[in-house]
Amino acid sequence: DFAQALVHYTEAVEADEASHLARASRAACLLRAGQPDRALEDAERCTEIAPGSAEGWFRRGLALRALGRDNDAAKALAEAARLDLGSDQIAHSVR
């Protein structure tokens, strides 16, 4: 249940504002809930906190794509792929 997961990830973010993993996970939930604008906020903050987080760049790219910002999405997804060359999920999204 994405609504319940969203509650838990929000609690995790509130408990530790610097948790890039909680933000990346909440961004995934927000994307599934059809809220790409809020997902982008979390993904951007995730990549600010942890610029080397492939997951953060991946979520950022998916949120940008959902918002119709394809050029920006391609750049974010390329960064995710650069950081995690072994991820089939990321590689598939870059295509």
Side-chain angles (χ1 to χ4, degrees):
D1 180 353
F2 293 110
Q4 191 63 32
L6 189 55
V7 168
H8 290 297
Y9 288 126
T10 297
E11 290 171 353
V13 167
E14 289 171 354
D16 182 3
E17 288 285 324
S19 174
H20 71 282
L21 294 175
R23 287 187 181 277
S25 297
R26 186 168 71 173
C29 285
L30 289 164
L31 282 167
R32 289 284 187 107
Q35 299 179 44
D37 51 337
R38 289 184 59 206
L40 180 58
E41 289 175 19
D42 269 350
E44 286 177 336
R45 184 67 182 122
C46 176
T47 57
E48 289 168 6
I49 295 167
S53 169
E55 186 177 357
W57 286 103
F58 179 62
R59 303 292 179 221
R60 188 173 180 160
L62 294 180
L64 287 163
R65 183 181 285 164
L67 292 168
R69 295 173 53 188
D70 294 336
N71 289 335
D72 292 331
K75 291 175 189 173
L77 292 169
E79 181 63 8
R82 184 187 73 76
L83 291 167
D84 188 355
L85 296 174
S87 171
D88 291 337
Q89 185 180 22
I90 293 172
H92 179 72
S93 295
V94 173
R95 293 180 199 151

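Positions are given from 1, in the same order as the sequence printed here. Because the structure is predicted, anything quoted here is derived from the model rather than measured.
Residues A18 and I49 come closest through the heavy atom pair O-CG2, 3.3 Å. Residues L40 and R60 come closest through the heavy atom pair CD1-CG, 3.9 Å. Taking both residues in full, the closest heavy atoms of R69 and D72 are given as NH2-OD2, 3.1 Å, listed atom of the first, atom of the second, then distance. The two residues L31 and A63 come nearest to each other via the heavy atoms CD2-CA, 3.6 Å. Contact record, C29 with A5: SG-CB, 3.7 Å, taken as the closest heavy-atom pair.
Here the side chain of T47 pairs a donor or acceptor atom with the backbone of E44 at under 3.5 angstrom.
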Using distance only, find each side-chain donor-acceptor pair of residues 50-59 under 3.5 Å and give its atom names and separation, not counting sequence neighbours.
from	atom 1	to	atom 2	distance (Å)
S53	OG	G56	N	3.0
W57	NE1	P51	O	2.8

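Counting non-hydrogen atoms of other residues, nucleotides and ligands closer than 6.0 Å to CG of D37 gives a total above 12.
Using a cut-off of 4.0 Å between Lys/Arg side-chain N and Asp/Glu carboxylate O, E41 and R23 are scored as not salt-bridged.
Side chains of R65 and L77 form a contact here, defined as non-hydrogen atoms less than 4.5 Å apart. L30 is listed as a side-chain neighbour of R26, based on a closest heavy-atom distance under 4.5 Å.
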* Go through the steps to decide whether E11 and V7 satisfy the test side chain to side chain contact (heavy atoms under 4.5 Å, CB included), and finish with yes or no. => CA-CA 6 Å; E11 290 171 353; V7 168; 3.7 Å; yes
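In this view, E14 satisfies the salt bridge (Lys or Arg N to Asp or Glu O under 4.0 Å) rule with no residue, not counting sequence neighbours.
The CG atom of D84 sits 11.5 Å away from the CD atom of E79 when rounded to the nearest 0.5 Å.
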